[in-house]
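The next block holds one structure in the form of structure tokens; read it before the comments.
FYI, side chains are in, hydrogens and waters are out, and symmetry mates aren't considered; it's all heavy atoms of this structure. Proteins get letters first, then strands, A, B, ... in listed order; numbering begins at 1 in each.
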2 protein chains.
Amino acid sequence: MIKNDIVLAIERKTGFSRVKALKMVELILNSMKEALSNNEKIEIRGFASFKIVPKKSGFGRDIRRKKQIKIKGGKRVKFRPGQDLKKL
Amino acid sequence: MIKNDIVLAIERKTGFSRVKALKMVELILNSMKEALSNNEKIEIRGFASFKIVPKKSGFGRDIRRKKQIKIKGGKRVKFRPGQDLKKL
DNA sequence: TAGGACAATATCGTTTTTGATCATCCGCAT
DNA sequence: ATGCGGATGATCAAAAACGATATTGTCCTA
């Protein structure tokens, strides 16, 4: 499923134009991205929760050179599936 | 951020009623849940991708009794943040 | 608005992810 | 429909998530 599939579903179930449906999807996704940008967690019962956590891992690995690489800390988005997504 | 915050954002930016805005959010979330239920992966550039991966059955631990517990295999939703969510 | 359903937390050993990079694949805006 | 920019996969070691359960906290439907 790609973004367009969601847009088509909206279009089909609401009668909205494709452009309007796309706008809806973008609005929602942008709201979520913005919240996460502000280090805000998102919790949607029955779907999932997203939360910003500090990144602590310090080493990775370079395949080609087969050597360890330093990884600078930062932030990550931690995803936790909700109930509906746990019992698939 | 909770579901209602998204609904309010939609309401504010589109002028939709709260009920209609809620319906939009539900539609989108349900589309995604349905896709995952069908073992379909979801990929939305700039946001994230979700994919069903098999869960290996193994062992866990019961805190109270301090004993091992059997964990039956199954499916999990694997989340991978997109570019916009990686450079927060 | 209130209560019922759902999520967070803590714990420990095993399973899974992370992270850089390049080549290949593909979403999606034009 | 086409191309550009973004996503995937592979690799290895270290770091983090997962799982059951009861309790505490909170989302969200009626």
(request) Look up atom CG in A:Asn30 and atom OG in A:Ser37, then write down how far apart they are to the nearest 0.5 Å. (result)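 Between atom CG of A:Asn30 and atom OG of A:Ser37 there are 9.5 Å.
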(message) Between B:Glu26 and B:Lys3 (salt bridge meaning N to carboxylate O under 4.0 Å), is one present in this structure?
(response)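 Judged by the 4.0 Å cut-off on N to carboxylate O distance, B:Glu26 and B:Lys3 do form a salt bridge.
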(message) Check A:Lys20 with A:Glu11, please: is the shortest side-chain N to carboxylate O separation under 4.0 Å?
(response) no
(message) Both A:Val77 and A:Gln83 contact DNA chain C. Taking the nearest nucleotide for each, which residue is further toward the 5' end?
(response)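 Taking each residue's closest nucleotide, the earlier one in sequence belongs to A:Gln83.
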(request) Would you name the heavy atoms of A:Phe47 and A:Leu85 that are closest together and state the gap between them? (result)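 Nearest heavy atoms, A:Phe47 then A:Leu85: O-CD1, 3.3 Å.
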(message) Measuring to OP1 and OP2 of C:dT17, would you say a side-chain N or O of A:Lys78 lies under 4.0 angstrom away?
(response)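 No, A:Lys78 has no side-chain N/O under 4.0 Å of OP1/OP2 on C:dT17.
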(message) Does a side-chain N or O of A:Arg80 approach OP1 or OP2 of C:dA7 to a distance below 4.0 Å, or not?
(response)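 So the side chain of A:Arg80 is outside the cut-off, no N or O lying under 4.0 Å from OP1 or OP2 of C:dA7.
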(message) What residues from residues 34-53 of chain A pass a heavy-atom cutoff of under 4.0 Å to DNA chain C?
(response)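 When residues 34-53 of chain A is checked for heavy atoms under 4.0 Å from DNA chain C, the hits, listed by number, are A:Glu43, A:Arg45, A:Gly46, A:Ser49, A:Lys51.
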(message) Keeping B:Glu40 on the side-chain end and A:Met1 on the backbone end, is there a donor-acceptor pair under 3.5 Å?
(response)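 Yes: the side chain of B:Glu40 pairs with the backbone of A:Met1.
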Rounded to whole Å, please give me the gap between [atom1] in [X] and [atom2] in [N].
X       : N      : atom1 : atom2 : result
A:Asp84 : D:dC27 : CG    : P     : 17 Å
B:Lys55 : C:dT15 : NZ    : C1'   : 12 Å
B:Arg18 : D:dA30 : CZ    : P     : 17 Å

(message) Contact between B:Met32 and B:Glu34 at the side-chain level, heavy atoms closer than 4.5 Å - yes or no?
(response) no
(message) Quick check: is B:Leu27 connected to B:Ile2 through a chain of hydrophobic side chains (ILVMFWY, heavy atoms under 4.5 Å apart)?
(response) no
(message) Just to be sure I understand the geometry, which residues of residues 1-10 of chain B put a non-hydrogen atom under 4.0 Å away from DNA chain D?
(response)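 Those residues are B:Ile2, B:Lys3.
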(request) Between B:Glu26 and A:Phe79, just flag the one whose closest nucleotide in DNA chain D comes earlier from the 5' side. (result)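 This one resolves to A:Phe79.
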(message) More than 12 heavy atoms of other residues, nucleotides or ligands under 6.0 Å from NZ of A:Lys23: yes or no?
(response) no
(request) Select one nucleotide: of D:dT29, C:dG19, D:dC18, the one nearest the side-chain heavy atoms of B:Arg76. (result)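 Per side-chain heavy atoms of B:Arg76, the pick is D:dC18.
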(request) Could you label the plane-to-plane angle of the A:Phe16 and B:Phe16 rings as parallel, tilted or perpendicular, counting under 30° as parallel and over 60° as perpendicular? (result) tilted
